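Note sheet for the following structure.
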Amino acid sequence: MSDPSSADRPVVTRIAPSPTGQMHIGTARAALFNWLYARHTGGTFLLRIEDTDRERSTEGAVQTILDGLSWLGLEPDAEPVYQHARAERHREMVEKLLETGGAYRCYMTVEEVAEERERARAQGRAIRSIWRDREAPSRTNAPFVVRFRGPLEGETIVNDLVKGPVTFANANMDDLVLLRSDGSPTYNLAVVVDDHDMGITHVLRGDDHLSNAGRQSLIFEALGWAKPAFGHLPMIHGPDGAKLSKRHGAQAVGEFAEMGYLPEAMRNYLARLGWGHGDDELFSDVQAIAWFDIKDVGSAPARLDWAKLGHVNNHYIRGADDARLAALVGDIHAGRGLVIHEAGRAAMDRAIPLVKEGAKTLLDLADLTVFVLKIRPLALDEKTLKLLDETTCGRLGRLGVRLDDEPEWIAAPLSKALQDFAESEGVGLGKFGPALRGVLSGGATAPDLASALEALGREESLGRIADALSQVQ
RNA sequence: GGUCCCUUCGUCUAUCGGUUAGGACACUAGAUUUUCAUUCUAGGAAGAGCGGUUCGACUCCGCUAGGGACUGCCA
């Protein structure tokens, strides 16, 4: 149902964030959908930085966007376009509109506009300037803005790819400002000119721009240009249904990264928010690209569900390369001020594959591996100290000797050895397992005993047991 | 206030006029067990409300209610 004029061109999509702070997760999802659609159709995915508001745009925010996209693995196919740099072109088009009568100079003061706004609101109509049908004042250097001369009647229909046909009465649409009194172009004008010049065929963006689609359609028409196809994505809300904000835990891409979510997990989870392919929940980028279609994008807003995100992330952590995880987790440990020695590094490498199935985030993985990084002799927690009575100490002593006989220090045979030992002692593992756990981990979270032993290595394991025994005696 | 959008289990969703309304996460119970977790098994859980259209409606239409967006010389 796309605009016929754009149907035959190769697809060009774009993400057009304004660099005014953090990169919202909704922007990330819009980027993902644009990226998926471009990849699916063999088209192009572009980035445009909407920095026409010089007051609010910052260099740092631009970098945040670039970093965010890069982290997500959604690199644009060309250098970013900076909207601000195109101001001359925008002004040219306003000139053209002025010549063709599609726009007019409005000399209303801000106060007068405020009054008109109030009147218009009270009367339930759109804002109209008195200068719409009036000659310019005689005093030539009076400040003015350029407004769009919108049609007074008829309707504008946006055939939205997600929402279906959306009808706006032209009478309800304001004569919006195209050029500010300082001569700088505004958003709605710049978007239209840039989308046209960049050859954008599909505009997939947040729901909050739906009403802008009506306004922008009018400008496209006034300029005599073909419109792109529009698709307005529903917003992402917090778990309570309100617009996603800081108090929901996170809203910026960078925050998700810091919380230990993997970019591929974010892509999978975000894709599933508002888009679906039957019952498929976990899928690769290749599959998502093959399956993605705008017609399968839902129209209702979705809530962020941390539990499910955690589940998806866990799935990708399980499948992730261990060396990559080790590097990522090492950074987290380092960030927490932990020094990682050579031996610790090796122990981490051994520990990660043994514990990662229990990690929902990289932060979890850090918690699950911290026990191998402890330095001997470990400080024993009270719970463990209480478990270390004479009988248990005797057992652990014998266990140490028994384990040292193991030819191979890997989990499966170690597990067998533990079972055999328990049997030879005539007790269940429960009789000394918890004590051994405490001795090996110093109270930190640790995996099952055999895995913990393997991760620590022979020397370290036996050393920790010996340390504990001499400490208690 | 006005314009526009949205509404299936707690959450994300499948369904595209005829189904015991399916799946995933979460939850509950049981099994496993050296903590937590993992794993396995079982289970509860939904069409906002009211009217139409139709032989038949979750699906189409209208109204109501509830959410949301926009209503800037912000984007």
Side-chain angles (χ1 to χ4, degrees), chain A residues 16-20 50-53 55-57 83 106 108 110 113-114 117 120-127 143-147 158 160 162-164 166-169 171-174 176-188 190-191 206-215 232 234-235 237 239 241-243 269 272-282 296 298-312 314 318 355 357-360 364 368 383 415 418-419 422 428-438 441 443 445-450 452:
Chain A
S18 60
T20 53
E50 309 244 297
D51 54 356
T52 53
D53 184 349
E55 300 277 304
R56 300 203 306 157
S57 303
Q83 196 159 60
C106 167
M108 287 170 94
V110 280
V113 172
R117 180 172 300 118
R121 187 179 174 132
Q123 295 167 21
R125 58 170 178 79
I127 293 177
F144 63 88
V145 298
V146 176
R147 285 184 185 275
V158 175
D160 194 276
V162 174
K163 310 276 185 188
V166 180
T167 305
F168 299 95
N172 287 331
M173 289 196 268
D174 292 339
L176 35 80
V177 173
L178 267 20
L179 221 52
R180 300 186 182 94
S181 52
D182 67 358
S184 64
T186 61
Y187 166 78
N188 275 298
V191 165
D207 228 350
D208 47 342
H209 285 293
L210 184 54
S211 54
N212 280 333
R215 302 183 178 110
H232 289 88
M235 318 233 72
H237 289 173
K243 193 172 177 177
Y269 178 74
R272 211 52 202 83
L273 230 45
W275 172 79
H277 182 263
D279 285 340
D280 295 301
E281 296 285 346
L282 270 2
D296 297 318
S299 53
R303 302 182 188 202
L304 184 72
D305 182 350
W306 291 103
K308 187 148 188 176
L309 208 209
H311 174 260
V312 173
N314 172 254
R318 286 173 180 234
V355 302
E357 72 175 20
K360 290 196 190 315
D364 289 347
L368 290 168
K383 197 173 131 206
S415 177
L418 285 171
Q419 299 291 347
L429 258 173
K431 278 293 178 192
F432 62 92
L436 177 58
R437 165 179 302 283
S441 71
T445 312
D448 67 275
L449 293 174

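Naming convention: chains lettered A, B, ... in sequence-line order (proteins, then strands); numbering from 1 in each chain. What you see is a predicted model, and the numbers here were worked out from it, not measured in a lab.
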Tell me what A:His209 touches on the nucleic acid: a base, only sugar-phosphate, or nothing, going by heavy atoms under 4.0 Å.
-> base
Given B:C25, B:C73, B:A75, which nucleotide is nearest the side-chain atoms of A:Asn188?
-> B:A75
Sugar-phosphate only, base, or nothing, as touched by A:Arg125 at under 4.0 Å among non-hydrogen atoms = nothing
Quick one: A:Leu309 CG to B:A26 C1', roughly how many Å, whole number?
-> 14 Å
Using a cut-off of 4.0 Å on non-hydrogen atoms, how would the nucleic acid contact of A:Leu282 be classed: base, sugar-phosphate, or nothing?
-> nothing
Any side-chain N or O of A:Thr445 under 4.0 Å from OP1/OP2 of B:U35?
-> no
Rounded to the nearest angstrom, tell me the gap between atom CG in A:Asp280 and atom C1' in B:C25.
-> 15 Å
When the C1' atoms of B:A21 and B:G1 are considered, how many whole Å apart are they?
-> 41 Å
Choose from B:A69, B:C25, B:U34 the nucleotide whose nearest atom is closest to any side-chain atom of A:Leu449.
-> B:U34
Answer with base, sugar-phosphate or nothing: what part of the nucleic acid does A:Ser184 contact at a heavy-atom distance below 4.0 Å?
-> nothing
Looking only at B:A75, B:C73, B:U34, the nucleotide nearest the A:Tyr187 side chain is B:A75
Taking every non-hydrogen atom, the tightest pair across A:Lys308 and A:Glu281 = NZ-OE1, 3.1 Å
Here the distance between atom C1' of B:A21 and atom CG of A:Asp279, to the nearest Å, is 12 Å
B:A48 versus B:G68 - spacing of their C1' atoms, nearest Å | 16 Å
Can a side chain N or O of A:Arg318 be found less than 4.0 Å away from OP1 or OP2 on B:A37?
-> no
Separation of A:Asp182 atom CG from B:C73 atom P, in whole Å?
-> 13 Å
Between B:C36 and B:A29, how far apart are the P atoms? Round to whole Å, please.
-> 15 Å
Value in whole Å for how far the P atom of B:C70 lies from CG of A:Leu176 = 15 Å
When the C1' atoms of B:A31 and B:C12 are considered, how many whole Å apart are they?
-> 30 Å
Ignoring backbone atoms, test whether A:Arg56 places a side-chain nitrogen or oxygen under 4.0 Å from the OP1 or OP2 oxygen of B:A75.
-> no
Please measure how far the P atom in B:C63 lies from the corresponding atom in B:U7, and state the result in whole Å.
-> 16 Å
What does A:Asp51 touch in the nucleic acid at a heavy-atom separation under 4.0 angstrom: a base, only the sugar-phosphate, or nothing?
-> nothing
Of the nucleotides B:A75, B:U35, B:C73, which one has an atom closest to the side chain of A:Arg147?
-> B:C73
Going 5' to 3' through nucleotides 40-47 of chain B and flagging B where a protein heavy-atom sits under 4.0 Å of the base, S where only the sugar-phosphate is that close, and - otherwise, we get --------
Reckon A:Asp448 touches a base, only the sugar-phosphate, or nothing at all at heavy-atom distances under 4.0 Å?
-> base
Per-nucleotide protein contact string for nucleotides 3-12 of chain B, where B marks a base within reach and S marks sugar-phosphate only (heavy atoms under 4.0 Å, - for neither) | SSSSS--BBB
Within the structure shown, what part of the strands sits under 4.0 Å from A:Val145 by heavy-atom distance: base, sugar-phosphate, or nothing?
-> base
side-chain contact (heavy atoms from CB on, under 4.5 Å) with A:Leu179: of A:Cys106, A:Pro185, A:Ser184, only one passes, and it is A:Pro185
Could you check whether A:Ala435 gets within reach of a base, just the sugar-phosphate, or nothing at all, counting any heavy atom under 4.0 Å?
-> nothing
Distance between the P atoms of B:A26 and B:G62, in whole angstroms?
-> 40 Å
Please measure how far the P atom in B:G66 lies from the corresponding atom in B:G49, and state the result in whole Å.
-> 15 Å
Applying a 3.5 Å limit to both distances, which nucleotide forms a Watson-Crick or G-U wobble pair with B:C60?
-> B:G52
Could one point to a donor on the side chain of A:Asp208 or the base of B:A75 with an acceptor on the other under 3.5 Å away?
-> no
Can you tell me, in whole Å, how much space there is between the C1' of B:U8 and that of B:C58?
-> 7 Å
Distance only, no hydrogens: is a donor on one side chain within 3.5 Å (strictly under) of an acceptor on the other, for A:Thr186 and A:Asn188?
-> no
Where is the tightest heavy-atom contact between A:Tyr269 and A:Leu304, given as atom of each residue plus distance?
-> CE2-CD1, 3.5 Å
To the nearest Å, how far apart are A:Lys431 NZ and B:U33 P?
-> 17 Å
